[in-house]
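Proteins come first, then strands; the chains are lettered A, B, ... in the order of their sequence lines, and each starts at number 1. All values derive from a computational prediction rather than experimental measurement.
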Amino acid sequence: MCGRYTLTLPGEILAEVFGLDEAPELAPRYNIAPTQDVAAVRRVPAGAPRSLSMLRWGLVPQWQREPRGSTLLINARAESLQDKPAFREAFERRRCLIPADGFYEWKGASRNREPWLIKRDDGRPFAFAGLWEPPVGREPGLVGTCAIVTTDPNELMRPIHDRMPAILAEPDWNAWLDPDNRRLSALRPLLKPAPAEDYVAFPVSPAVNNAGVETPDLILPYTPPPPRQPRLGFDS
DNA sequence: CCAGACGTTGTT
DNA sequence: GTCTGG
DNA sequence: CCAGACGTTGTT
DNA sequence: GTCTGG
């Protein structure tokens with residue numbers, strides 16, 4: 001899962017939490033969607049300090065001749081990172097943190113689908129486990145592409161959805177970010193469901209469905225309108 | 001051996 | 001239904 | 001993730 | 001590049 005999220009906190013806070021040398025200048029974003037450029041923390045080259053870059057959400061493996069829209073890799077299953085040709089090398093050598101302070105999940109089936117916002121109860125930002133690739137071809141200004149790792153739901157998420165983004169505990173950030181760390185068997189257990197007690201979830205307006213809508217009120221709690229009265233003579 | 005895919009999600 | 005675009 | 005398009009030819 | 005399928 002995880003096809004939409006938020007990053008609204010000021011760059012100064014992000015620099016402090018994620019250990020960046022400089023505070024990035026980032027406008028608050030309430031509806032970050034696939035194909036958009038997203039903030040990612042990396043260590044490039046190996047040995048360099050942490051830095052923040054904008055990467056296009058939708059990983060394109062290096063052997064791919066040209067970006068194929070039909071194969072947009074926005075998520076990568078934690079369970080199979082080592083087996084999938086599209087992700088294996090990135091898992092070994094190109095891991096990143098993707099800062100967020102909320103993410104959306106849709107609950108229910110087709111007609112009744114409703115968006116929920118999940119965030120930390122203390123409001124702090126957190127880090128999705130991410131993978132990245134250098135750009136293929138020469139797209140001007142493209143630094144790289146990335147995907148968000150997904151894992152099983154925690155107890156908060158289970159009623160909403162059967163997957164959730166892998167959120168790395170802060171003590172694990174260094175191990176995940178170090179490009180020289182090839183202990184993949186030690187990295188895999190970091191991709192477990194985040195502790196449910198640290199997070200809250202509430203329904204939000206279906207306006208979030210449209211990736212073009214990015215207003216702050218998207219993250220306010222939302223009371224759905226009462227169901228329409230069934231017409232007389234029709235039981236459903 | 002070569003050819004062709006290489007992914008996740010949700011939905012049926 | 002399926003693909004593309006944000 | 002959801003929303004919205006989904007096509008070609010010839011003519012202006 | 002590397003894996004799967006024939």
ring-ring contact (aromatic ring centres under 6.0 Å, His included) between A:Y222 and A:F202, worked out: CA-CA 8 Å; A:Y222 172 79; A:F202 52 88; over 10 Å; no
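- Taking side-chain N and O atoms only, A:N209 has a distance below 4.0 Å to OP1 or OP2 of D:dA3.
- With rounding to whole Å, A:W106 atom CH2 is found 15 Å from B:dT8 atom C1'.
- Atom NZ in A:K84 sits roughly 11 Å away from atom P in B:dT9 (whole-Å rounding).
- Checking C:dG6, B:dT8, D:dC2 against the side-chain heavy atoms of A:R77 singles out B:dT8 as nearest.
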Chi angles and distances behind the side chain to side chain contact (heavy atoms under 4.5 Å, CB included) call for A:W57, A:Q36: CA-CA 6 Å; A:W57 186 8; A:Q36 295 177 357; 5.7 Å; no
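- Below 30°, between 30° and 60°, or above 60°: for A:F126 and A:F103 the angle between ring planes is above 60°, a perpendicular geometry.
- Atom CZ of A:R163 and atom P of B:dT11 are 16 Å apart (whole Å).
- Contact annotation for A:F87: backbone-only contact, meaning every heavy-atom pair under 4.0 Å involves sugar-phosphate atoms and none involves a base.
- Counting non-hydrogen atoms under 4.0 angstrom, A:L59 reaches nothing in the nucleic acid.
- If you take CD of A:Q36 and C1' of D:dA3, they are 13 Å apart, rounded to a whole angstrom.
- Among the heavy atoms of the strands lying under 4.0 Å from A:D162 are primed sugar atoms or P, OP1, OP2 only; no base atom is included.
- Taking side-chain N and O atoms only, A:T150 has a distance below 4.0 Å to OP1 or OP2 of B:dT9.
- In this structure, CE of A:M164 is placed 16 Å from P of D:dC1, rounded to the nearest angstrom.
- A:E133 pairs with exactly one of A:Q64, A:R94, A:R56 by the side chain to side chain donor-acceptor pair (under 3.5 Å) rule, that one being A:R94.
- In this structure, A:S110 reaches the sugar-phosphate backbone alone: every heavy-atom distance under 4.0 Å involves primed, P, OP1 or OP2 atoms, never a base.
- In this structure, A:Y104 and A:W106 have tilted ring planes: the angle between them lies in the 30° to 60° band.
- When rounded to the nearest whole Å, the span between CH2 of A:W57 and C1' of B:dG7 equals 14 Å.
- Counting to the nearest Å, the C1' atom of C:dG5 and the CD atom of A:E139 are 14 Å from each other.
- Close to D:dC2, at under 4.0 Å from its OP1 or OP2, lies a side-chain N or O of A:R113.
- Residue A:W63 and nucleotide B:dC6 are classified as a stacked aromatic pair, their ring centres being separated by less than 5.5 Å at an interplanar angle below 30°.
- Across C:dG6, E:dG1, B:dT11, the shortest atom-to-atom separation from the side chain of A:A109 is found for B:dT11.
- For A:R88 and E:dG1, the shortest distance from a side-chain N or O to OP1 or OP2 is not below 4.0 Å.
- Checked against B:dT9, C:dG6, B:dC6, the side chain of A:A86 finds its nearest nucleotide in B:dC6.
- Taking atom P on both D:dG7 and B:dG7, the two are 27 Å apart, rounded to the nearest angstrom.
- A:V213 pairs in a side-chain contact (heavy atoms from CB on, under 4.5 Å) with only one of the listed residues (A:D217, A:T215, A:N209), which is A:T215.
- The distance from atom CD of A:Q82 to atom P of E:dC3 is 12 Å, rounded to the nearest whole Å.
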